[in-house]
Amino acid sequence: MESTRVDRWLWAVRITKTRPDAAAACRGGHIKVNDQPAKPATTVSPGDQIRARVNHSTRILEVVRVIQKRVGAAEAAACFIDHTPPPPPQPVLPVARRDRGAGRPTKRERRVLDAWRAGEGI
């Protein structure tokens, strides 16, 4: 077995939950094999690079081993190399919190909170 369908491979290595989800991602233009748009029946073989936009993030994967059946997570992780860059750090914004049971803020406290939020750019 030297190659398989891209939708089947994405499902087998647990990138998508179901094979129809993988096929829909291909039809929607969210999957590229070697920087070419992929149809569900596009074949992948070891050494191919796959760009998959799944769950609002883009993953860059290199095919190491071709499998057609869904396997355990540890074995599936050994079938590809993840070249996805780490996400950019999210800025840590302070959160306005009130003590539990303190009730609703008073009018003065609301004005202070509104001024604080306006200064933070929220």
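All values below were derived from every heavy atom in this structure, side-chain atoms included, with hydrogens, water molecules and symmetry-related copies excluded.
At least one side-chain heavy atom of Val6 sits less than 4.5 Å from a side-chain heavy atom of Cys26. The closest side-chain heavy-atom distance from Glu2 to Ser45 is not below 4.5 Å. Counting heavy atoms from C-beta on, the side chains of Gln49 and Ile60 come closer than 4.5 Å. Under the 4.5 Å side-chain criterion, counting only non-hydrogen atoms from C-beta, Cys79 is not in contact with Val66.
Partners of Lys69 under the side-chain contact (heavy atoms from CB on, under 4.5 Å) rule, at least two apart in sequence or in another chain, do not exist in this structure.
Taking CZ of Arg59 as the reference point, atom NE2 of His83 lies at 12.0 Å (rounded to 0.5 Å). To the nearest 0.5 angstrom, Thr16 atom OG1 is 10.5 Å from Trp9 atom CH2. Of the inter-residue distances, the one linking Leu10 atom CG with His30 atom NE2 reads 13.0 Å to the nearest 0.5 angstrom. Residue Phe80 holds its CZ atom at 10.0 Å from CD1 of Ile50, rounded to the nearest 0.5 Å.
A salt bridge (Lys or Arg N to Asp or Glu O under 4.0 Å) check over residues 27-39, counting only residues at least two apart or in different chains, returns the pairs Asp35-Arg51.
Remark: side-chain polar atoms of Asn34 are not paired, donor with acceptor, to backbone N or O of Gln36 under 3.5 angstrom.
Counting all heavy atoms, side chain and backbone alike, Ala12 lies closest to Ala76 at O-CB, 4.0 Å.
The environment of Asn55 atom CG is sparse: at most 12 non-hydrogen atoms of other residues, nucleotides or ligands sit within 6.0 angstrom.
Among the candidates Gln68, Arg70, Arg5, Lys17, the single residue satisfying the side-chain contact (heavy atoms from CB on, under 4.5 Å) test with Trp11 is Arg70.
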Mind running side-chain contact (heavy atoms from CB on, under 4.5 Å) on Thr4 and Ile67 for me, showing each step along the way?
CA-CA 7 Å; Thr4 188; Ile67 57 173; over 6 Å; no
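Note on Leu61 and Val54: same hydrophobic cluster, where clusters join Ile, Leu, Val, Met, Phe, Trp and Tyr whose side-chain heavy atoms are under 4.5 Å apart, directly or indirectly.
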